[in-house]
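Proteins get letters first, then strands, A, B, ... in listed order; numbering begins at 1 in each. The shown structure was predicted, so the numbers you read here are calculated from the model rather than taken from an experiment.
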2 protein chains.
Amino acid sequence: MFAIGSVERDTGISRDTLRIWERRYGFPTPERNDKGERVYSAEQIQRLQRIRRLLDQGFRPGKVVPLEDEALNKLADTLHDVLLSQRGIDPAHTRLIDLASSGDIPALNSALEQVLAREGLSSFVLDTFAPLTKSVGELWAAGRLQIFEEHILTRHLVRFLEVAMSRVGYPPGNPEVLLGTLPGEQHALGLLMAEALLINSGRATLNLGTDVPLDEIVTAAERSGVSTVALSFSGCYTRNAIRDDLEELAERLPRAIRIWIGGDGVRRLRRLPPSVEIMSLESI
Amino acid sequence: MFAIGSVERDTGISRDTLRIWERRYGFPTPERNDKGERVYSAEQIQRLQRIRRLLDQGFRPGKVVPLEDEALNKLADTLHDVLLSQRGIDPAHTRLIDLASSGDIPALNSALEQVLAREGLSSFVLDTFAPLTKSVGELWAAGRLQIFEEHILTRHLVRFLEVAMSRVGYPPGNPEVLLGTLPGEQHALGLLMAEALLINSGRATLNLGTDVPLDEIVTAAERSGVSTVALSFSGCYTRNAIRDDLEELAERLPRAIRIWIGGDGVRRLRRLPPSVEIMSLESI
DNA sequence: AAGCATTTTTTGTCCTAGACAAAAGAAATT
DNA sequence: AATTTCTTTTGTCTAGGACAAAAAATGCTT
């Protein structure tokens, strides 16, 4: 049995939210210890994690939190298939997904090496690596991967790409593009793919990684002398938060520095500050 | 001006803690917006981050939270020097630290490559990489590195070691040792160093990375057929939490699987479950 | 002194329920 | 089709007290 703090840590759902879901949707239904504090069973935590994954895929709390176990399973189960069939099915890609979901890392590794050698880094990133990470995310949301499997896969994919980048070699000279995500944003794969494409086209980069406070980005951009700052926003980031952050950034950054933004969070965005451009991986 | 939630995110100090520090120590002293909510200035956040770093180094809240800006700066400023002089000074190491703190990544990179080529991976990890990461942590605590500089350095060190590992080549066959940290533990460098040493001695590993729930570790260990589970605990982890987690893990893991633990958090630990051993990097 | 057990101090987490604004969806308008 | 307006949904923040876990300090034993 687990305290609300552990549940927050394990599920990424805040205490406040857990308490208010209980009030509004009747789930979760923790018991109480002798101190009167909520204690959650492992089953409820598991269900919360399943809910969390569905929310990350864009479902709304009111639609999924009150669902019974069965309905939840069914929803998650159909999710990946639906998304995959929408995109159309590429047999080579299907094979990679099978390797990924079966957890056969060495086989996945050599399959990736083959594709990389055949297609070159840019095409590999765009046509193979990006869809593969997307599928991993969906498999995860659908509950077909255990947490540890997702951990291993993501780590491995990151490592694979970093090694591939090191083989291309880091371009010499001062960095042109600074990459990073703002606080609260943990998705590093988008940045990494952008970095790979930039390096492959001979442009030096400075990757700050995830979770970088805004004023640190400003300082880093000024000190390093880059001409472009590239930020990635995943779907979790809300539109207004993105707009506010971008306005502040545009204001505080020297005029000469361009801002590129990318990721699932920017798709529905309009009315950007003048120095901000939406970039897709393809356009790098 | 920032809401309490942003401060929690940027400093890693929980809302509850921020409020209770205000009551107990008279710091921070946020103003209020028209809704009556706390709003924190950038200066206060910066001071909170400085406090946070000192706490991570083992100071207690009562000693540092009430301190004035000046006293805080002085304390942080002397910290790294004291720790460094305690360890004794190696000129080669000093040069690396200078490169690291000056942010000259290419120069640091080639310096590391030289040492690696001369000493080999194991000795490089033990005698160069480990002390260097320790120094980076101390410089960070002392406030001599900006957040972004610490980000860049850590990312770079990780990448360097991963590429070095890939050059040695991953040993074939089933993994023998599973590596990971439990939820709440974000320090990945210890795991990475252990992995490098294991790989260099021909043992295949499975690195789950940070923040892995206990039952996922159990499942992963059973499925992958490892003979050893290695966990890392940084100084932030409390002794009792470690003991409880280890007892649960020892109980749920098959008897044949050994448990290794390492990291700053395990130094003062006693009375361990029978299957648990404290391992230092040197003894791998 | 070093190891262990006990007491005292310090410290963080959790509780309540209501208020409210931000986000997203739906509907209406240009 | 794009923008504006309205409505519903959703998460964040407030307070101060209670309390236990953690760490330090003390005392005791070897």
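- Rounded to whole Å, atom C1' of dT10(C) lies 10 Å from atom NZ of K63(B).
- Looking at R50(B) and D69(B), a side-chain N of the basic residue comes within less than 4.0 Å of a carboxylate O on the acidic one, giving a salt bridge.
- dT12(D) atom C1' lies 12 Å from atom CG of N33(B), rounded to whole Å.
- The shortest side-chain heavy-atom distance between H187(A) and T181(A) does not fall under the 4.5 Å cut-off.
- K35(B) places its NZ atom 10 Å from the C1' atom of dT14(D), with the value rounded to the nearest Å.
- When each of dA21(C), dC15(C), dA20(D) is scored by its nearest atom to the side-chain atoms of E37(A), the top-ranked nucleotide is dC15(C).
- Taking the side chain as every heavy atom from C-beta outward, R38(B) and L18(B) never approach each other to under 4.5 Å.
- If you take CD1 on I147(A) and CZ on R53(A), they are separated by 6.5 Å, rounding to the nearest 0.5 Å.
- The side chain of R32(B) contributes an N or O atom lying less than 4.0 Å from OP1 or OP2 of dA15(D).
- We find that CZ of R24(A) is positioned 7 Å from P of dG11(D), with the value rounded to whole Å.
- Mapped onto DNA chain D by nearest heavy atom, G62(A) and S6(B) fall at different nucleotides, with G62(A) at the one closer to the 5' end.
- Regarding L55(B), its CG atom lies at a distance of 9 Å from the P atom of dT11(C), rounded to whole Å.
- Across the protein-nucleic acid pair, R9(A) atom CZ and dT13(C) atom P stand 10 Å apart, rounded to whole Å.
- Near-neighbour residues of DNA chain D inside residues 11-22 of chain B, defined by a heavy atom below 4.0 Å, number-ordered: R15(B), R19(B).
- In this structure, R60(B) does not reach the dA23(D) phosphate: none of its side-chain N or O atoms is under 4.0 Å from OP1 or OP2.
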Legend entry - side chain to side chain contact (heavy atoms under 4.5 Å, CB included) evaluation trace for I217(A) with L231(A): CA-CA 10 Å; I217(A) 291 186; L231(A) 303 176; 3.8 Å; yes

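- Contact annotation: Y25(A) does not reach the phosphate of dT9(D) (side-chain N/O to OP1 or OP2, under 4.0 Å).
- As rounded to whole Å, 17 Å separates atom C1' of dA22(D) from atom CZ of F233(B).
- Scored by the side chain to side chain contact (heavy atoms under 4.5 Å, CB included) test, E248(B) finds L214(B), R252(B) as partners (sequence neighbours excluded).
- R23(B) places its CZ atom 14 Å from the C1' atom of dT10(C), with the value rounded to the nearest Å.
- Within the 4.5 Å cutoff, the side chain of W260(B) has no heavy atoms near those of the V229(B) side chain.
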